Amino acid sequence: VARELPEPQDTIGKKGMMSTRHDLTQIQLIGGDLSLDFVNSVHDRFEEPAEDYLGDFADLATWALVAGGISSEEKRRLENLARNNAQEAERVYAEALQLREAIHALYVSLLEGTEVPGRDLERVNRWLSGSMANLVLEPRGERFEFAWSEANYGLESVLWPLTRSIAALVTSDRVDRLKQCPACGWLFLDSSKNMSRRWCSMETCGNRAKARRFYQQSKS
Ligand SMILES: [Zn+2]
């Protein structure tokens, strides 16, 4: 059953989006980075309306687990919190979609060499400082590891790992490998040696393009 998303206030407004139920455990994670996979929870980016895989907060939590952002224990915790505060869950969900579109805008500006819209950068930065304030060190064996503080754990915590991942990616050399699938607009890091990867995945967009080429050749 398709249903409309709540009317977004700013960043999403440009393009229509439609949410349909998806089996999120089957979602393709081809981005090579959590923040890219998050952006790719819309398919496809060139369609009108685009299809949104995330229909509510529960979807967001399931997606975060499948994509490797949170543990199953965290997911259970988030679901409990959401059950006890449906309104807040709805708000965080709406914010998550706005953050996702802001992250998308950041990556697209990198790809196109254009200036990132101020409000998108602001939104990402706001989430970045909010999230990083909850980063703590935890002893692990002979070293320490980053962990998320228990003190402020809440519904918004579902987005903490994401904001950390976008910050890490855009400040590293890895971002030089950022590409956009010409068929569907999904973003990914090309980890091939000679940077020859073109499609998000050969099984979907790559094969479709091949079939189209074959059809056109056989016609002429
Ligand atoms: Zn594609």
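Keep in mind that this is a model prediction, so the values were computed, not measured. Remember, it's 1-based here, ligands and their atoms both numbered in the order they're listed.
- Taking a cutoff of 4.0 Å between a charged side-chain nitrogen and a carboxylate oxygen, Arg91 and Glu88 qualify as a salt bridge.
- The aromatic rings of Trp148 and Trp160 are tilted relative to each other, their planes meeting at an angle between 30° and 60°.
- Protein atoms of type N, O or S found under 2.8 Å from the Zn ion (ligand 1) total 4.
- Side-chain contact check for Asn134 and Ser149: no donor-acceptor pair (N or O, by modelled atom type) lies under 3.5 Å.
- A side-chain donor from one of Ser41 and Arg100 sits under 3.5 Å from a side-chain acceptor of the other.
- Trp186 and Tyr53 have perpendicular rings, their planes meeting at more than 60° on a 0 to 90° scale where under 30° would count as parallel.
- Atom CZ in Arg143 sits 12.0 Å away from atom CG in Leu137 (nearest 0.5 Å).
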